[in-house]
Amino acid sequence: MTQARSKLVVGNWKMHGNHAANAELLQGILAARPLGVDAAVCVPFPYLSEVAVTLANSGLAWGAQDVSAHEQGAYTGEVSAAMLMEFGCRYAIVGHSERRAYHGESDQIVADKAKAALARGITPIVCVGETLAQRQAGETEAVVKRQLSVVIHTLGQCIGEIVVAYEPVWAIGTGLTASPEQAQAVHAVLRAQLAAATARAAEMTLLYGGSVKPDNAAVLFSQPDIDGGLIGGAALKAADFVAIVRAAA
Ligand code: PGA
């Protein structure tokens with residue numbers, strides 16, 4: 001079906017930034033971003049408080065890059081969804097491939113994090129994606145379907161409330177981008193899988209991530225099942241991020 005879905009562009013700052021750089025970046029984005037496209041920045045935990053102040057009533061949303069699967073308790077170093085909610089977080093990225101790879105996050109942990117976020121009214125941006133070896137072995141579809149199926153099983157009917165980001169691991173930070181056709185093919189698989197689980201699949205937001213830049217964003221975002229992007233490196237330069245948001249307009 002043709003899409004009535006609105007586009008969303010989310011910046012993932014990863015472990016970058018400092019007070020001065022963040023302020024400059026946000027001012028640059030706020031000064032130039034087009035209105036009418038949903039956009040957000042997902043910032044390191046220590047900066048949430050000041051980002052919330054800077055972005056209050058700006059129309060630019062903010063979020064976190066992770067959230068604990070647990071509600072509260074003896075989990076040193078973790079941050080709960082309830083805490084994020086106090087900072088006005090709209091989104092939490094969960095299951096980013098860097099967390100899966102460096103922090104051993106399983107599909108079930110990712111699903112539990114998504115559930116914890118939703119329970120507090122925070123929209124989880126659930127990342128799925130295959131490695132280069134998995135793509136070369138022809139396993140792309142099986143990998144992303146397995147990753148998403150655990151989330152579907154864990155969330156039940158609430159699955160319609162999440163955002164899904166397809167991020168091929170081989171495209172993240174490498175300058176290699178999935179072709180629009182490659183990305184669309186996986187997005188179509190994911191949307192079909194969601195459609196088998198919820199009547200809301202056609203309205204759900206599916207983002208592409210992996211070396212999205214100003215010069216490739218428009219063609220990626222014009223694919224029928226791609227509803228915007230999750231942006232890493234290019235989200236750290238106001239002009240680039242704004243250009244990508246504009247490409248979604
Ligand atoms: P990239 O990162 O845009 O730098 O490839 C995307 C991501 O990791 O979310």
Side-chain angles (χ1 to χ4, degrees), residues 7-17 21-22 25 28-29 33 37-45 47 51 60-67 89-103 105 110 113-114 117 122-132 134-135 140 143-144 147-148 151 162-180 182-183 186-187 190 205-221 223 226-248:
K7 295 280 199 268
L8 172 65
V9 176
V10 179
N12 172 12
W13 289 5
K14 308 195 180 186
M15 198 171 73
H16 294 288
N22 299 348
L25 177 55
I29 295 169
R33 94 190 165 95
V37 183
D38 290 332
V41 289
C42 290
V43 309
F45 290 132
Y47 299 122
V51 167
L60 182 62
W62 59 96
Q65 299 169 16
D66 186 26
V67 62
C89 275
R90 172 89 190 275
Y91 298 102
I93 298 170
V94 301
H96 191 281
S97 62
E98 288 150 16
R99 299 225 41 104
R100 292 179 189 261
Y102 308 147
H103 301 274
E105 292 191 5
V110 172
K113 289 184 168 192
I122 294 168
T123 301
I125 299 173
V126 177
C127 301
V128 300
E130 81 288 3
T131 64
L132 185 58
Q134 288 166 332
R135 174 162 282 269
T140 298
V143 168
V144 298
Q147 291 171 331
L148 186 58
V151 184
I162 74 169
V163 169
V164 178
Y166 168 55
E167 297 207 311
V169 179
W170 49 272
I172 295 176
T174 58
L176 297 172
T177 316
S179 70
Q182 285 174 321
V186 177
H187 279 240
L190 294 171
T205 301
L206 306 192
L207 307 180
Y208 168 79
S211 297
V212 178
K213 306 288 178 213
D215 62 358
N216 62 21
V219 61
L220 284 161
F221 298 168
Q223 300 302 306
I226 300 182
D227 309 313
L230 181 56
I231 319 300
L236 297 174
K237 289 191 205 116
D240 285 0
F241 188 67
V242 166
I244 292 168
V245 175
R246 196 163 283 133

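Remember, it's 1-based here, ligands and their atoms both numbered in the order they're listed.
In terms of heavy-atom proximity, P168 sits nearest to Y208 at CD-CE1, 3.6 Å. Here the closest non-hydrogen pair linking V37 and R33 is O-NH1, 3.8 Å.
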Problem set entry | side chain to side chain contact (heavy atoms under 4.5 Å, CB included) between E167 and N12, worked out | CA-CA 12 Å; E167 297 207 311; N12 172 12; 5.6 Å; no

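Looking only at protein heavy atoms, the nearest one to atom 3 (O) of ligand 1 is G232 N, 2.9 Å. From the protein, the heavy atom lying nearest to atom 4 (O) of ligand 1 is G233 N, 2.8 Å.
For ligand 1, the atoms closer than 4.0 angstrom to any heavy atom of N12 are 9 (O). Here is the list of ligand 1 atoms found below 4.0 Å of a heavy atom in G173: 1 (P), 4 (O), 5 (O). Residue contact check: G210 has heavy atoms under 4.0 Å from atoms 5 (O) of ligand 1. The distance from ligand 1 to the heavy atoms of H96 drops below 4.0 Å at these ligand atoms: 7 (C), 8 (O), 9 (O). Taking a cut-off of under 4.0 Å to the non-hydrogen atoms of A171, the atoms of ligand 1 that pass are 5 (O).
Here T123 contributes atom OG1 and I162 contributes atom CD1; the two are 10.0 Å apart, rounded to the nearest 0.5 Å. Between atom OG1 of residue T131 and atom CZ of residue R100 there is a gap of 12.0 Å, rounded to the nearest 0.5 Å.
Proximity of G209 to ligand 1 is not established, as no heavy-atom distance is less than 4.0 Å.
Counting heavy atoms only, E167 comes closest to atom 9 (O) of ligand 1 of the residues Q65, K213, K14, E167.
Within a 6.0 Å sphere centred on CZ of R90, heavy atoms belonging to other residues, nucleotides or ligands number 12 at most.
Side-chain contact between Q147 and V110 is absent, with no heavy atoms from C-beta onward closer than 4.5 Å.
In I172, the parts holding a heavy atom less than 4.0 Å from any atom of ligand 1 are both the side chain and the backbone.
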